[in-house]
Amino acid sequence: MNAEEAAPAGPDLSGIPPELSRSMYRDMLTARLLDDEAIALQRQGVFPAYVSLRGQEAAQVGSAAALDTATDFAFPTYREMAVALTMGVDMVGYLASHRALWHGGLYDPMESRFGPVNAVVGGPVPHAVGWALGESLRDGPGCAIAYFGDGASSEGDVHEAMNFAGVFGAPVVFFCQNNQWALSVPVEAQVAGGSVAARAAGYGMPGVRVDGQDVAAVYEATRAALRRARDGGGPTVIEALTYRVNPHSTSDDPGRYRDPAEERRWRERDPITLTRRALERAGHADTDFFDAAETGARAFCEAARDGVGNAPHPAGSDLFSHVYREPTEALRRQQRVWRDEVGP
Amino acid sequence: MNAEEAAPAGPDLSGIPPELSRSMYRDMLTARLLDDEAIALQRQGVFPAYVSLRGQEAAQVGSAAALDTATDFAFPTYREMAVALTMGVDMVGYLASHRALWHGGLYDPMESRFGPVNAVVGGPVPHAVGWALGESLRDGPGCAIAYFGDGASSEGDVHEAMNFAGVFGAPVVFFCQNNQWALSVPVEAQVAGGSVAARAAGYGMPGVRVDGQDVAAVYEATRAALRRARDGGGPTVIEALTYRVNPHSTSDDPGRYRDPAEERRWRERDPITLTRRALERAGHADTDFFDAAETGARAFCEAARDGVGNAPHPAGSDLFSHVYREPTEALRRQQRVWRDEVGP
Amino acid sequence: MTELAVPADQAATATETSMQQAVNAALRTLLAEDPATLVFGEDVGRLGGVFRVTDGLQAEFGDRRVFDTPLAESAIIGLAVGLAMNGWRPVPELQFDGFAYPAVDQIVNQMARMHYRTRGAAPMPITLRLPSFGGIQAPEHHGESLEALFAHVPGLKVCAPSDPADAYGLLLQSVRADDPVIYMEPKARYWNRRAVRLGEPDLPIGASRTVREGRHATLVAWGAMVHRCEQAAELAAEDGVELEVLDLRWLKPIDTDGLAASVARTGRAVVVHEAPLTAGLGAEVSALVTEHAFASLRAPVQRVTGFDVPYPAGPLEPQYLPTVDRILLAVQRTLEF
Amino acid sequence: MTELAVPADQAATATETSMQQAVNAALRTLLAEDPATLVFGEDVGRLGGVFRVTDGLQAEFGDRRVFDTPLAESAIIGLAVGLAMNGWRPVPELQFDGFAYPAVDQIVNQMARMHYRTRGAAPMPITLRLPSFGGIQAPEHHGESLEALFAHVPGLKVCAPSDPADAYGLLLQSVRADDPVIYMEPKARYWNRRAVRLGEPDLPIGASRTVREGRHATLVAWGAMVHRCEQAAELAAEDGVELEVLDLRWLKPIDTDGLAASVARTGRAVVVHEAPLTAGLGAEVSALVTEHAFASLRAPVQRVTGFDVPYPAGPLEPQYLPTVDRILLAVQRTLEF
Ligand SMILES: Cc1ncc(C[n+]2csc(CCOP(=O)(O)OP(=O)(O)O)c2C)c(N)n1
Ligand SMILES: Cc1ncc(C[n+]2csc(CCOP(=O)(O)OP(=O)(O)O)c2C)c(N)n1
Ligand SMILES: [Mg+2]
Ligand SMILES: [Mg+2]
């Protein structure tokens, strides 16, 4: 699918409560501004690197908005900043991962029910299945959602996870953001057959392709999958067709591998613009709302930016603090060596 | 699919040259008798263990008979004795693997174009894709075929291999013998969705289910897949529905996990009996042929049995001989330690 | 099955216990004492495991607590990680040592560091049971020794019992621990019985056990090689050489003090393992002994190990594995140094 | 990017070469000299690799010789095994050290032993290029040191260059060798330039290189730590302590004779590596030195290594990696022993 093929009308918000559609817009806008801040922070040398989610806000916010943050659990990879935001994760703690203060971030993943940032493509997907199985073993109400990319779908772990989920009927949603690129490799050189959703049938589970620029469609698809999982219907694959309009990361140079015209075409299907128009069309929001949303988002981002910029470096002793829950004498000895020779 | 669902008529040999149908029968019968010999050798303590292929002769012989042994290359796992036989592999060398004389067997896998016995379930499947890609990179005529089980289909490697094959359009056939069991786990607790062939669509390649007790159907399906691959049409998944009527290995006790009635039902669909009837029906063979086939098979098996029984143990120095093609001084030193302290 | 003969003084009697039974009993105890404990893996349910180590557990605790998984090692560990994050105490099995390799990413990149990554938020009380080591003339990939790999990984603890009593005690300790543990079961010792009392762990995690006291040199081993060292010590005693035998038990953390104390007394050490020589755990033992007992050390630590070759097929196994003779030759070298 | 400052005497000039350029040049030489050589991996084609190490190769040699694969490390190595069996000479890249873990099964169970398994019938001339080690403040899994894991695996050879000339020579040697080689590129040194001549390998596989001569103690290192040892030696020289710096280059096989000869002269050794201490390759070096130079050894071999903790995030990196200070403290300990 390319940019043009998608429904030109934009999101249909008629099935979505107005307050929810507004809050999704607010989250998308906030994520966009925070993404810009993060890129700026990288340029200023505060972040060693950053991975932008620009263009994927509808896919992330729409899916995350469907979660019940009291019962569900999301397993991200590394580009899910807008999911974190939507779920109410402490964004200073989230961005701390990009400032390289702590690999997994400094928020509490157990309390926020948004797993730690995970740099292994495909790696967290089986965790979502394990978590979901754990929920069904105690007849709990929660569902897991695993976020991964089109590139990640090539990894063995994703297959093994889907097969386990199918066999166990685990309440899990496999949410693939097919942003058309895995670093420099386009989806047609990555995903045999061209569709991640099409893999689902082979595991006897539903596979849904959804316009990832359409926040309403993403929300509805995720909600349906979660409802199905909660009702004992087992796993679903959702493939949100979207686009990584920015470079893979701030260190990347897409000029080497793709046509800027493609980027431009997708930038025109900007999910935030589309959502704004839909809100206007549906009469869910007026200029005051958009102004307030922008003001609020800006304030939020400034606070997050300052928060992460001013966050202290981890203590050197933190090297040793969390290796074990029950520390060993051998490691304590090494900590003494560290204290004597390096730190604190 | 269970035993009864399969076509009761048995193989339709009308599309198969009589000589080929006879030779497939001969190979199936020989494999059966050799399998019996191997089980006997295990009982006598000559083999530490053995994995029987009984019941899977049609799936193995039918697929292997479709190969061009001058150009193609087969990648087995550990239960493909009848494939080896059909391809003309030195069976003393093959059985040597089961006598534990050498893990990979003592035949020459490069010359016979039948890869070494490989105990890692799923592990050799990507090799077949690499081999096939290598063939197409030089515009060679050969195809690769990967043999694996229903259980192996759960491994990440099989997925990664299929995806690679699809992306590269590699001339490879993924031949799954779905014998309904992976050790103690039945296919319904192993393969989400229930069908390995159904996975193919998700990679944009054809997936074919075939009655694995029907040697003609297996042969035709494999031939078609190979022709397609040779013509640049890329990979195919074939799932041959068959049954492991014996225990997983001579160390196994299926009484712990499955109903003997199921075994019995499948024993009644014995592929050799079905093929014999089909040969008779088609007028491809008479009693003289069957008598001669049996006599020939027995002679072959006796020779193989004696050959493997009498084969010498590997020399202790063989521990060191093949580790590297260009040996290191460090390893030579260890060999001297071995010579002084253990061997020869 | 094993090529190690059962010594006469340990001949089976009705009341004696094999390691296979001891591990089974420990799992039963653990499943009974904590409803969060789960046992799963390939063929561990209905079959009771290829070594019958999980025999009867599914019948007793139900198929929610003890269950079969599809055949995919990486997902088995990934599943354990997710279950742990949801409050469970997983005890996955990987069927054989050589089939732990497909799970190495989930073990190293996920299980071992999820606790660290989350600054202690995510609990990770997983015990990976891994039938390990050689000596049973098994097919390829069924005789590997992965302790050096795992001991190198930050965040893991690693142990290997050498007899039924330790198998029981160490498994209780491992599963109750709130950190990921690799519990390596020496297949070659599954069926050897000893008249032992199965009881609570006797020493803390990380403590070694002196199997036999001696004053001329220290033999250091774990798993099945402990028994082989005992045999060597027995023979050496006939010649008046008194060998101390130290069962390391814990391969991470290693009992440095115990090692150093023994070598401080004996002045000499021989470390024995099945894994290949280069970068094996024997190197770590050698380095630790040298670092912590250099002044007492009268000869370089000797390593008696497998060779740097792939684990061989049956008939070559006795040529590959450390023999009693090789152990005694090393003892002689260190005594004559 | 790297946190190691370029020393003044190596400041970039037009004719100097970085390691990144040297590896690129070696690949170009190899692709040109043998039409069976193939370069592939994630993003190595159009992009030219995340470190631009394969820059321009696809344009020059075409997309049959240099190509991108899907994102699946196990299949990349499996592909290499199959290609090798069909007569090719594969040079796969895995993008970062930490993403070699998913490929460990194919590396250990397949690539490393296919030649052995087939009694020499199947050729396996694969060189796995692995950007390795830390020092660039990268995300998680981008700073791992896997040499101990690989050096333990029978059938593999392992090397790590420390400067552009070695990077070029060792890569020629690795790819031309008919055995599987793990070639570990120290990312932290990619951009450091040296005025060197890129030429044919100077020494056989397994030979170490004396980077600096000295007589009071031997520093042993590989990869980026060689440079750090040179810095330490420079400082020590100001105090009249002459340190020999040995670049191991080959981590399997290890140059035991070279090590022993150096320590026989100096009587003291310090081994330095980035990987965690326990069961790191430093233990092997320590054991080898002790075994082969015990009589000359005047102090236990000192190990200066990373700690037994997961490789940390940026600000903690300098606290984790061996520092010049820690190296000098170890030198002092060994001198004062
Ligand atoms: C297992 C693994 N292999 C390689 C990498 C290096 N890498 C980081 S991102 C990336 C591309 C991922 O593409 P995709 O899954 O589509 O996610 P996207 O970046 O597009 O969000 C690669 C190859 C990694 N992080 N993990
Ligand atoms: C990677 C791996 N994991 C586990 C095993 C242990 N094992 C050997 S055979 C087997 C079952 C295989 O089932 P399937 O693939 O259906 O083949 P079949 O035995 O039925 O021919 C298992 C679990 C193995 N050999 N390799
Ligand atoms: Mg992508
Ligand atoms: Mg099967």
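The sequence lines fix the lettering, A, B, ..., with proteins before strands; numbering per chain opens at 1.
Using a 4.5 Å cut-off on side-chain heavy atoms (C-beta onward), Leu277(C) and Gln334(B) make contact. No side-chain heavy atom of Val185(B) sits less than 4.5 Å from a side-chain heavy atom of Pro70(C).
When heavy atoms are compared at a cutoff of 4.5 Å, Gln58(C) does not approach chain B at all. Neither the backbone nor the side chain of Ala49(B) comes within contact range of chain C; no heavy atom of the residue lies under 4.5 Å from a heavy atom of that chain. Looking at Ala138(C), only its backbone comes within 4.5 Å of chain B, counting heavy atoms on both sides. Both the backbone and the side chain of Asp43(C) come within less than 4.5 Å of a heavy atom of chain B. Proximity to chain B involves both the backbone and the side chain of Tyr320(C), based on heavy atoms less than 4.5 angstrom apart. Heavy atoms closer than 4.5 Å to chain C are found nowhere in Asp157(B), neither backbone nor side chain. In this structure, the portions of Val120(B) lying under 4.5 Å from any heavy atom of chain C include both its backbone and its side chain. Interface remark: Ala330(B) contributes no atoms to any contact with chain C (heavy atom separation under 4.5 Å). Of the two parts of Leu329(C), only the side chain, counted from C-beta on, holds a non-hydrogen atom closer than 4.5 Å to a non-hydrogen atom of chain B.
The backbone N or O of Asn118(B) lies less than 3.5 Å from no partner atom in the side chain of Glu140(C), so there is not a single donor-acceptor pair. The main-chain N or O of Tyr311(C) is found under 3.5 Å from a side-chain atom of His103(B) such that the two form a donor-acceptor pair.
When every heavy atom of Leu316(C) is checked against every heavy atom of Ala315(B), the shortest pair comes out as CD2-O, 3.6 Å. When all heavy atoms of Ala119(B) and Phe99(C) are compared, the pair lying nearest together is O-CZ, 3.7 Å. Taking each heavy atom of Gly316(B) and Gln319(C) in turn, the nearest pair found is CA-OE1, 3.7 Å. Contact between Leu71(C) and Gln190(B) at its shortest, heavy atoms only, is N-OE1, 2.8 Å.
For the atom pair CG of Asp252(B) and CG of Leu47(C), the computed distance is 6.0 Å after rounding to the nearest 0.5 Å. Atom CG of Leu183(B) is separated from atom CD of Glu42(C) by 9.0 Å, given to the nearest 0.5 angstrom.
Residues of residues 335-342 of chain B that come closer than 4.5 Å to chain C, counting heavy atoms only, are Val337(B), Trp338(B), Glu341(B), Val342(B), ordered by residue number.
Ranked by heavy-atom pairs under 4.5 Å with chain B, the first of Gly45(C), Gly98(C), Ala72(C) is Ala72(C). Comparing Ser153(B), Gly343(B), Ala192(B), Pro314(B) by heavy-atom pairs within less than 4.5 Å of chain C, the highest count is held by Pro314(B). Taking His313(B), Glu155(B), Arg99(B), His248(B) one by one and counting their heavy-atom pairs under 4.5 Å with chain C, the maximum is reached by Glu155(B). Interface remark: of the candidates Val121(B), Thr328(B), Leu319(B), Val117(B), Leu319(B) forms the most heavy-atom pairs closer than 4.5 Å to chain C. Per-residue counts of heavy-atom pairs under 4.5 Å with chain B were compared for Thr69(C), Asp68(C), Val309(C); the largest is that of Val309(C).
Residue pairs meeting the side chain to side chain donor-acceptor pair (under 3.5 Å) criterion with at least one member in residues 272-282 of chain C, sequence neighbours excluded, are Thr278(C)-Asp308(C).
Around atom CZ of Arg333(B), more than 12 heavy atoms belonging to other residues, nucleotides or ligands sit under 6.0 Å away.
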